[in-house]
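Only one structure is covered here, and it is reproduced in the block below.
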Amino acid sequence: METAEEDPSSAAVLLDHASFSQVVFNSVDKFYVPGGDVTCYYIFTQQFTPRRKDWIGIFRVGWKTTREYYTFMWVPLPGDSSTDAAKQQEVQFKAYYLPKDDEYYQFCYVDQDGVVRGASVPFQFRPESEEDILVVTTKVKVEETEQRNKELRQENQELKARCARLEEQDSAAQAELQRKQEELETLQSIIKKLEREAEEQKGRWDSERLQLKEQDQKMRSENERLGTRVTELQSQLLNQEKEMEELVRGDQEKTEQLQHLRNGNDQLCLSLTEQREQQKKLEQTVEEMQLREAAAVKTQADLMEPRRDEATVEAQLVREVARLNAQVEAGKACFLEKYKECRRLHRQIRQLRAAARDENLDLSRRLGENKLLCDCLRGEKEQMERENDLLRKENSRLLSYMGLDFDPRPDPAPASEQPGSRQKPSLVYGNPYSGRPPALQGSPT
């Protein structure tokens, strides 16, 4: 059924037949031949005005509502004038959307409100029958038929003669065919014998090929296992090298910190020396003050006689003695504070020296262990690479023996052997944590 952009309007209730004559269908045939397009002709009456959503559908005879259409076509609007509306209109139904059975159908004009405005006489979709064809035979056609029959009889005689010759050729060909068949049977027996020998040889080759494939699979699995082991060893080696670099950087930081502390110690020693010099100066000042005090006492004794200046001199002497005592006490307090600070710094320096010495010893020990482990891993890697080369050579030899082309794909060089890669420090004496001698670690597990 034809598909459209939107379904046509239709009424779902029984219709009134009073409006069926407003659109008249003409030139409707009794039947239409399937496989061809069908053109529907119709005329609008004066009582009906077409609208944009009107459509013509093909309905099976006996329909009840306009929803029972088989296919439909939208009706083109005529011109604006009334004369154009009175002219014969037409729409064409494509053969693809037409019914395929021989039931009776009719055209129905339905407006955009779903009301039927016209219906055609019934018709069928069927091919032409013999009753519908009028056969006319004339005398000229009869003469032509007799002449054609005469020519056909003559041609028949020629064909019989040709058939006899062909039968003779066929007998000779049969004899030749018999001889060829005997030769063919002999050749077939030879071919079967060769095929049996070829099958036996193929079976032997297949068994050898299977054995070689099994050996090749084992070698490939061994190569994969060794490659995995090499990758693991390389990752361990990289981790050990990274750890070694971290230890070296930590050692450098400790060395710099120790040097900084040494510089601070030197500055503290200089400060302590300056404090000692100041202490000596303060002691000299105290001695001078004591001498002045003695001189003042002597002066006081000498001046005891004049009663008039006794109070003034005594007050001056008391103030001078108090000032000197205050200076002495301040110098002692400053000296004690500087002395305590120096002792605290000396203790801190001794502690830092001990910690740096222990840290350096631990870093040296770990560095030696990492060097041993790196050397052990490198030995294992070289041993596995040698075994891998031997297995690859053996695989190539076996495949060459089989007569197969073999394109060995060498394993990519490790990062430490590629050009331009940075050579890192190696471990020298094997891995101390592996629990076995370095000589045994090279063999694959």
Hey, is the main chain of [Y] close enough, under 3.5 Å, to the side chain of [X] for a donor-acceptor pair?
X    : Y    : result
D113 : V115 : no
N325 : V321 : yes
S396 : R392 : no
N360 : A356 : yes
N239 : S235 : yes
Q327 : R323 : no
Q22  : F48  : no
D37  : A95  : yes
K100 : L98  : yes
D29  : Y32  : no

Can you name the nearest heavy-atom pair linking [X] to [Y], along with the distance?
X    : Y    : value
V61  : P122 : CG2-CB, 3.9 Å
G250 : L363 : C-CD1, 4.3 Å
K381 : V230 : CG-CG1, 4.4 Å
S120 : V28  : CB-CG2, 4.1 Å

ask   = Between D216 and K213, does a salt bridge (charged side-chain N to carboxylate O under 4.0 Å, His left out) hold up when you go through it step by step?
value = CA-CA 5 Å; D216 181 63; K213 283 184 177 179; over 6 Å; no
Using side-chain heavy atoms (C-beta onward) and a distance below 4.5 Å, is [X] in contact with [Y]?
X    : Y    : result
L237 : R378 : yes
Y69  : C108 : no
F72  : V110 : no
Q89  : I43  : no

Taking [atom1] in [X] as the centre, count heavy atoms belonging to other residues, nucleotides or ligands within less than 6.0 Å. Is the count above 12?
X    : atom1 : answer
E337 : CD    : no
R51  : CZ    : yes
Q201 : CD    : yes

Distance-only donor-acceptor pairs under 3.5 Å for side chains of residues 346-353, two or more places apart:
none

task = Evaluate the side chain to side chain contact (heavy atoms under 4.5 Å, CB included) criterion for residues E380 and R229: first the C-alpha distance (whole Å), next the side-chain angles of each, then the deciding distance (0.1 Å), finally the verdict.
result = CA-CA 9 Å; E380 288 185 6; R229 179 61 179 166; 3.3 Å; yes
key: Criterion salt bridge (charged side-chain N to carboxylate O under 4.0 Å, His left out) on E199 and R196, from CA distance to verdict   = CA-CA 5 Å; E199 289 292 334; R196 286 194 299 271; over 6 Å; no
If you measure from the Lys or Arg side-chain nitrogens to the Asp or Glu carboxylate oxygens, is any gap between [X] and [Y] under 4.0 Å?
X    : Y    : answer
R60  : D101 : yes
R179 : E182 : no
D389 : R386 : no
R126 : D102 : no
E341 : R344 : yes
E369 : R365 : yes
D266 : R262 : no

key: Partners meeting salt bridge (charged side-chain N to carboxylate O under 4.0 Å, His left out) with R292 (sequence neighbours left out)   =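 R292 satisfies salt bridge (charged side-chain N to carboxylate O under 4.0 Å, His left out) with no other residue.
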query = Is there a side chain to side chain contact (heavy atoms under 4.5 Å, CB included) between E183 and T186 once you walk through the steps?
reply = CA-CA 5 Å; E183 294 179 357; T186 304; 5.6 Å; no
key: Y109: which of F59, F25, W55, F44 passes ring-ring contact (aromatic ring centres under 6.0 Å, His included)   =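 Running ring-ring contact (aromatic ring centres under 6.0 Å, His included) over F59, F25, W55, F44 with Y109 returns exactly one hit, F44.
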query = Yes or no on side-chain hydrogen bond (donor to acceptor under 3.5 Å, both in side chains) for Q252 and R249, after CA distance, side-chain angles and deciding distance?
reply = CA-CA 5 Å; Q252 291 177 355; R249 285 196 297 270; over 6 Å; no
query = What pairs with Y105 under ring-ring contact (aromatic ring centres under 6.0 Å, His included), at least two apart in sequence or on another chain?
reply =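 For Y105, the residues satisfying ring-ring contact (aromatic ring centres under 6.0 Å, His included) (neighbours in sequence not counted) are F125.
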task = Begin with the C-alpha distance, continue with both residues' side-chain angles, and end with the deciding distance and a verdict on salt bridge (charged side-chain N to carboxylate O under 4.0 Å, His left out) for R397 and E394.
result = CA-CA 5 Å; R397 185 183 65 80; E394 182 67 17; 2.4 Å; yes
